Amino acid sequence: MARNEPTHGTDGAAGAGESAGRAPGRRKAVRYAVPVAVAGVAAASIGIGTALANSGDPDLPKISAQDLIAKVAKSDAQQLSGTVKITTDLGLPSMPEGLSFGDGGGGKAAGHGPAGKGEGADASPQAKLTELASGTHTLRVAADGPDKQRLSIVERAAEYSLIRNGDQVWAYDSKSNTVHRSTAPKDAKGGKEAPEELRGASPQDLAKKTLAAVDDSTSVSVDGTAKVAGRDAYQLVIKPKQAESTVGAVRIAVDAKNGVPLKFTLAPKGGGKAVVEAAFTKVDFSRPAADTFAFTPPKGAKVTEDKDAKGGKAGADDRKKGLDESGLSGMNVIGKSWTSIAEFKAPGGVGPGAGAKGAKGGKDAGPAGALLDGLGSKVSGSFGSGHVFSTRLVNALVTDDGKVYVGAVTKDALVKAASK
């Protein structure tokens with residue numbers, strides 16, 4: 001086994017999500033739940049981006065943390081296919097009946113989510129991928145260079161797939177027999193970027209981004225070896241030094257031969273089982289068959305498409321408009337590294353006082369206040385008062401005047417940030 005002295009490196013990142021409802025009462029309830037949805041989407045993003053399974057203890061030559069980080073940075077596995085198991089346990093509170101993170105507050109998706117079968121059902125990926133924020137899921141992944149990728153969420157009697165082949169991007173939900181078509185967006189140089197939903201979907205992409213941000217806020221060491229998906233791997237352990245961080249440690253199993261991350265485990269500082277554990281159960285680094293990335297809409301499938309799939313820029317404008325309307329645009333980041341906190345205005349100036357009373361100290365905030373009291377704990381500071389919503393990793397503070405502070409930090413750190 002290889003054990004080495006700690007060095008330094010890496011930082012954390014904040015995620016963001018959006019939620020919107022339909023009926024006025026339900027819409028408000030969803031808005032008050034924004035911090036919880038943010039936490040869920042953040043976890044989903046971590047899970048997909050670092051998808052990597054199994055134990056063992058191979059005898060490998062010793063390697064320093066610096067050299068292992070360099071090995072990951074130099075890894076250039078352009079082709080791979082495999083099966084990933086991901087388990088996420090954020091400890092999200094139960095939502096009111098009829099609400100879910102994936103459907104924007106309308107129960108089964110009747111208008112934008114792949115789960116719905118009714119009029120307006122749509123296979124667009126934004127809602128579907130949030131399901132990875134909790135429970136255990138099986139994914140099938142494949143890649144052949146930067147413009148051929150496939151990610152499938154495998155369910156008992158259905159499958160949801162995202163396929164990129166050149167500049168064409170398809171999303172298909174077999175349960176509702178719906179298809180969504182778009183094009184890969186152009187980067188600043190006029191080339192094609194991977195769509196946001198597939199960007200960072202491979203384990204090596206996120207690992208390289210994480211390790212590239214190495215700084216003195218982090219302790220990094222090599223802690224033994226492991227056998228993952230039948231391959232020998234080194235265990236890279238990353239720990240934040242700041243007391244305000246709620247992250248205990250991140251453990252990445254790195255393929256000893258090619259430097260590709262094979263397993264990712266995120267443990268909370270509070271102890272207990274991992275918040276996110278994602279690992280390859282099978283992996284093959286040979287080139288996938290060409291038909292892996294071929295897709296033709298099945299007969300009878302309903303097909304929708306982004307406006308920019310026809311060559312215009314409206315699709316990108318629509319996405320920006322969606323962020324503006326969600327209240328998540330113009331986000332300000334307070335602090336850095338593991339203690340970064342995202343600050344933004346909640347949709348519609350959300351707060352228990354968004355109605356007649358409450359924001360200025362009124363005693364009756366109505367149903368909104370009752371919902372907030374049920375989901376979070378009351379706090380106060382120089383900013384006034386608000387509610388903190390907690391998961392096992394991410395905490396979020398919603399002030400009564402509608403500001404939101406979210407981060408993988410302690411409640412006290414959020415209150416301190418809001419009080420500045």
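It should be emphasised that the depicted structure is a prediction, and the values quoted were computed from it without experimental measurement. Count residues from 1 along the sequence.
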**Prompt:** Does Ser377 reach the side chain of Val388, with side-chain heavy atoms less than 4.5 Å apart?
**Reply:** yes
**Request:** Starting at CD of Gln242, measure out to OG of Ser217 and round the result to the nearest 0.5 Å.
**Result:** 4.5 Å
**Fill in**
Value for OG1 (Thr183) from CD (Glu305), rounded to nearest 0.5 Å, stands at 9.5 Å
**Asked** Does Asp167 use its side chain to pair, donor to acceptor, with the backbone of Ala184 at less than 3.5 Å?
**Response** no
**Message:** Applying side chain to side chain contact (heavy atoms under 4.5 Å, CB included), can you list everything that pairs with Asn177, at least two apart in sequence or on another chain?
**Reply:** Tyr172, Pro298, Ala301
**Asked** Under 3.5 Å, side chain of Arg150 to main-chain N/O of Thr292, donor-acceptor pair present?
**Response** yes
**Message:** If we ignore hydrogens and angles and just use 3.5 Å, is the side chain of Ser337 paired with the main-chain N or O of Thr339 as donor and acceptor?
**Reply:** no
**Prompt:** Looking at residues at least two apart in the chain, or sitting in another chain, which of them share a side chain to side chain donor-acceptor pair (under 3.5 Å) with Asp412?
**Reply:** none
**Request:** Flag the pair Thr87 / Lys273 as yes when at least one side-chain heavy-atom distance between them is below 4.5 Å, and no otherwise.
**Result:** no
**Item:** Reported NZ-to-NZ distance for the pair Lys239 and Lys269, which is rounded to 0.5 angstrom
**Value:** 11.0 Å
**Asked** side chain to side chain contact (heavy atoms under 4.5 Å, CB included) with Val415: which residues, sequence neighbours excluded?
**Response** Val379, Phe383, Ser419
**Request:** To the nearest 0.5 angstrom, please state how far the CG atom of Leu262 sits from the CG atom of Asp255.
**Result:** 4.5 Å
**Prompt:** To the nearest 0.5 Å, what is the distance between OG1 (Thr410) and NZ (Lys416)?
**Reply:** 9.5 Å
**Message:** For the backbone of Asp232 and the side chain of Lys257, can you confirm whether one donor and one acceptor N or O come within less than 3.5 Å of each other?
**Reply:** no
**Request:** For Glu277, enumerate each residue passing the side chain to side chain contact (heavy atoms under 4.5 Å, CB included) test, keeping only those at least two apart in sequence or located in another chain.
**Result:** Lys263, Thr265, Ala274
Show me, pair by pair, the donor-acceptor contacts under 3.5 angstrom made by side chains of residues 137-147, not counting sequence neighbours?
from   : atom 1 : to     : atom 2 : distance (Å)
His137 : NE2    : Glu131 : O      : 3.0
His137 : NE2    : Ser134 : O      : 2.8
Arg140 : NH2    : Glu159 : OE1    : 2.5
Asp144 : OD1    : Gln79  : NE2    : 3.2
Asp144 : OD1    : Arg287 : NE     : 3.3

**Request:** Taking the side chain as every heavy atom from C-beta outward, state whether Asn165 and Phe295 have any pair of such atoms under 4.5 Å apart.
**Result:** no
**Item:** Modelled atom types, side-chain donor and acceptor of Asp223 and Ser221, under 3.5 Å
**Value:** no
**Complete:** One should read off an interatomic distance between Lys403 NZ and Tyr405 OH, to the nearest 0.5 angstrom, of 4.5 Å
**Asked** Sequence neighbours excluded, which residues qualify as side chain to side chain contact (heavy atoms under 4.5 Å, CB included) partners of Ala70?
**Response** none
**Message:** For Ala158, is there any backbone N or O sitting under 3.5 Å from a side-chain donor or acceptor partner on Arg156?
**Reply:** no
**Asked** Will you find, in the side chains of Ser385 and Ser380, an N or O donor that is under 3.5 Å from an N or O acceptor?
**Response** no
**Asked** With a 4.5 Å limit on heavy-atom distance, are the side chains of Leu90 and Leu393 in contact?
**Response** yes
